Participant: 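Structure below; questions to follow.
In the text below, chain A, chain B and the rest are named by the order of the sequence lines, each starting its count at 1. Nothing here was measured: the structure is a model prediction, and the numbers come from that model. We use all heavy atoms of the structure for the numbers below, so side chains are in, but hydrogens, waters and symmetry mates are not.
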Amino acid sequence: MKTSTSTSFKNNFPLSLQETEVAEEKVIPLGGLKPHISVRNLNISYGSQRILKNVSIDIPNKKITAIIGPSGCGKTTLLKTFNRLIESADGINIDGEVLVDGENIYGNDVEVTHIRKKMGLLSQRPMPLPMSIFDNIAYGMRIHGIRKKALLQEKVEHYLRQASLWEEVKDRLHHPATKLSIGQQQRLCLARGLAVEPEIILGDEPTSALDPISSQRIEEKFVELKKDYTVIMVTHILRQARRIADYIIFMWLGEIVEHGPAQELLENPKEEMTREYVKGVIS
Amino acid sequence: MFWRKFEERLFNLLIRVATLIIVGCLFIIVLTILVKGFPAMSWDMVSRIPSGGFYLGKEGGVLNAIIGSLYLGLGASIFSLVLSIPIVVYINIYSRSTSRFAQFIRISLDILYGIPSIVYGAFGFVLMIAFGLKVSLLAGIITVGLLVLPIMARTMDEVIRTIPKELGDASLSLGATKWETAMKVIMRQAFPGVLTAILLGFGRAVGDAASVIFTTGFTDNIPTSVLQPAATLPLAIFFQLGSPIKEVVDRAYASSLILTVIILIISISSRLLFKRFNKNVIK
Ligand SMILES: Nc1ncnc2c1ncn2[C@@H]1O[C@H](COP(=O)(O)OP(=O)(O)O)[C@@H](O)[C@H]1O
Ligand SMILES: [Mg+2]
């Protein structure tokens, strides 16, 4: 295996397929960075329609990675392969490997709930559970065996604070979560995801239904969270990627056209297609 | 121009006629039951079982049929619910909602829905012979439960199908199992609709006459065990209506009034419960 002597982020990405032999995945000396998720030769199709074509990519640990590309290119599909939510789609075929912390999550004896617990998901439209604000946060913790009331209360407060929602809801914890504004709902979903103590935060255009101020708060949260979490966000807003992403994956018709550190990809794209997309010629 | 105006007028007319027929029918039925039933109503009717000369116009009431119908309605609803929930959860959450198997179940239920209740009665009778069961409340509960099953299951199915897939995904992505997702999130979201389904089923169970003739039988006593036969209001009405004695025929109307009030109480409480449980639900 090739070891790079350079310690700069820039020189260590993109990791190409040869550099990351699956067998010796565990630690890749990339200036102290290791990939958190590695996708290897992933093919996904619905019936005969191919959605992802031979995708191989490494997602850096504790960075914000943005997946960009035109609508329908497979961004959501790629994101959903990370926590195996893709499995529940109709007539889907999945072929390839997705390694999280070096473990192939599509392996035979993998517990799917264990994989999903590692990742929090923010969807395009916030989806509060049909229960109170408190129970929304406590739901995941209860499922994973936390029963003590005092502990639940303490943790609910902690995660609501972490999502900057506590002050707004502390007096109505037992009101239905649906009464919250959309922006608050999205922060509630973030708190709910954080409450199961994941390592990775997935966002599928998490700000697209929100007003500008709520969007900004989510963006700020993401920047804060990357200290402790790997953040992967699908976005169709190029400016958003520019503002907060450290690493960018550009997709087109089910293929990864280019990926690299954000600044480099945005300012100095290698591929013609990326250049056009970044300039706004194609969208 | 003329033609289009004519079309518009014709359709307006049709709407009015249709509305008139619907409202008119309801009005006439309720009026008839009230006018003819009210004078024959008495405390005895709802508090006593038939005694000596009841069917000749003398003392007694239809408490036997009221209690019998409620037992039957309750038993059949529970029996049907116990079968409906696994079916509905399976076709919507375990298998994919659009899978061939799910469609097959749906079509089967729709066909069952169209089968006349007298056929259920005959089928129930055949089952009784096969299992050596006598005419009894139990036989009635099983037969009427099967009669109600397609209504209940399909109503629930339609409610669950309108729930966005992302809601289930939100729960799954927290590491919940399918069962936890089905019971704690989907059923909760569907609860108002499930309640409606149960009450629809209950209403049908309480009101059906043809399926109980051979299975539940008729008796002047209140059953004390599920292995005893039971009276039901629809059959009580049927027998009384056939009498040549005026007092008895009037009692048929009073019994109809009782049945109508029971159905009314069920629909009103279902509305109220729907409102009460609808507040947590996402929209
Ligand atoms: N359930 C599905 N069945 C069939 N095709 C689907 C399904 N979901 C998505 N697709 C197709 O997969 C492609 C990629 O979809 P998606 O990953 O949602 O794209 P993006 O998120 O980039 O807009 C699209 O062409 C879409 O039509
Ligand atoms: Mg998408």
Side-chain angles (χ1 to χ4, degrees), chain A residues 76 79-80 82-92 111-133 135-145 174-180 182 185 188-189 192-198 200-202 204, chain B residues 88-106 156-157 159-196 273-283:
Chain A
T76 300
L79 195 75
K80 281 187 175 172
F82 298 154
N83 67 356
R84 286 181 56 173
L85 266 186
I86 196 69
E87 289 175 337
S88 64
D90 260 321
I92 190 112
E111 193 82 59
V112 68
T113 52
H114 172 73
I115 295 300
R116 290 186 181 142
K117 188 179 175 297
K118 281 190 181 179
M119 309 187 200
L121 175 72
L122 288 185
S123 55
Q124 219 160 337
R125 181 151 74 100
M127 275 291 157
L129 304 173
M131 46 189 85
S132 71
I133 294 170
D135 288 337
N136 257 274
I137 312 295
Y139 177 80
M141 298 191 277
R142 286 193 179 119
I143 275 179
H144 298 295
H174 297 286
H175 289 216
T178 45
K179 293 273 157 63
L180 298 172
I182 300 286
Q185 286 183 12
L188 180 78
C189 293
R192 179 180 73 192
L194 294 174
V196 296
E197 300 175 351
I200 299 166
I201 307 291
L202 306 174
D204 189 358
Chain B
V88 168
V89 166
Y90 187 81
I91 63 177
N92 283 290
I93 296 160
Y94 280 78
S95 94
R96 285 140 190 173
S97 177
T98 48
S99 73
R100 227 172 254 187
F101 180 72
Q103 297 302 5
F104 175 71
I105 296 281
R106 282 196 185 101
M156 279 189 220
D157 178 42
V159 171
I160 291 180
R161 278 216 282 180
T162 62
I163 298 176
K165 189 171 174 304
E166 289 84 2
L167 183 63
D169 285 354
S171 166
L172 291 174
S173 73
L174 294 167
T177 60
K178 283 184 177 179
W179 178 249
E180 286 162 336
T181 302
M183 288 299 136
K184 294 183 178 156
V185 175
I186 304 296
M187 274 301 166
R188 204 153 176 163
Q189 171 75 8
F191 193 75
V194 169
L195 207 63
T196 310
L273 286 171
F274 188 93
K275 279 221 181 94
R276 173 153 157 43
F277 286 106
N278 210 25
K279 68 176 199 311
N280 264 322
V281 155
I282 63 156
K283 298 199 178 78

Participant: Can you establish whether the number of heavy atoms outside F104(B) located under 6.0 Å from its atom CZ is more than 12?
Facilitator: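 Count not over threshold, so no.
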Participant: For S171(B), what residues pass the side chain to side chain donor-acceptor pair (under 3.5 Å) criterion, not counting sequence neighbours?
Facilitator: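 S171(B): side chain to side chain donor-acceptor pair (under 3.5 Å) contacts with Y139(A), T181(B).
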Participant: Hey, could you give me the CG/CD1 distance between L85(A) and I115(A), rounded to the nearest 0.5 Å?
Facilitator: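 Here the interatomic distance stands at 12.0 Å.
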Participant: For H114(A), which atoms come within 4.5 Å of any heavy atom of chain B: side chain, backbone, both, or neither?
Facilitator: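 The answer is neither part of H114(A).
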Participant: Kindly give the heavy-atom pair with the smallest separation between C189(A) and M127(A), and that separation in Å.
Facilitator: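 Closest approach of C189(A) to M127(A): SG-N, 3.6 Å.
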Participant: Could you tell me which of K80(A), K117(A), H144(A) has the largest number of non-hydrogen atom pairs under 4.5 Å with chain B?
Facilitator: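 Looking at each option in turn, the highest pair count goes to H144(A).
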Participant: Between T76(A) and D204(A), does a side-chain hydrogen bond (donor to acceptor under 3.5 Å, both in side chains) hold up when you go through it step by step?
Facilitator: CA-CA 6 Å; T76(A) 300; D204(A) 189 358; 3.0 Å; yes
Participant: Determine the option with the most heavy-atom pairs under 4.5 angstrom with chain B, choosing from P198(A), A177(A), P176(A).
Facilitator: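 The option with the most such pairs is P176(A).
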Participant: Measure distances from K165(B) to the heavy atoms of chain A and classify the residue's part below 4.5 Å as side chain, backbone, both or neither.
Facilitator: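 Just its side chain gets close to chain A.
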Participant: Of the backbone (N, CA, C, O) and the side chain (C-beta and beyond), which part of R84(A) lies under 4.5 Å from a heavy atom of chain B, both, or neither?
Facilitator: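 Neither part, no heavy atoms under 4.5 Å.
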Participant: Can you say whether E87(A) sits under 4.5 Å from chain B via the side chain, the backbone, both, or neither, judging by heavy atoms?
Facilitator: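 Interface part for E87(A): backbone (N, CA, C, O).
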Participant: Return the option, out of L202(A), T113(A), N83(A), L121(A), with the maximum number of heavy-atom pairs under 4.5 Å with chain B.
Facilitator: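 Maximum pair count with chain B is reached by T113(A).
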Participant: Measure distances from M131(A) to the heavy atoms of chain B and classify the residue's part below 4.5 Å as side chain, backbone, both or neither.
Facilitator: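 Contact with chain B is through both the backbone and side chain of M131(A).
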Participant: Of all heavy-atom pairs between V196(A) and M141(A), which one has the smallest distance, and what is that distance?
Facilitator: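 That would be CG1-N, 4.3 Å.
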Participant: Side chain, backbone, both or neither: which part of K118(A) has a non-hydrogen atom closer than 4.5 Å to chain B?
Facilitator: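 Neither part; nothing is under 4.5 Å.
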Participant: Taking A102(B)'s backbone N and O only, do any of them form a donor-acceptor pair with Y90(B)'s side chain (distance below 3.5 Å, no angle check)?
Facilitator: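 No; zero donor-acceptor contacts below 3.5 Å.
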Participant: So which of S88(A), P128(A), S123(A) has the biggest tally of heavy-atom pairs under 4.5 Å with chain B?
Facilitator: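 Going by pairs under 4.5 Å, I would pick S88(A).
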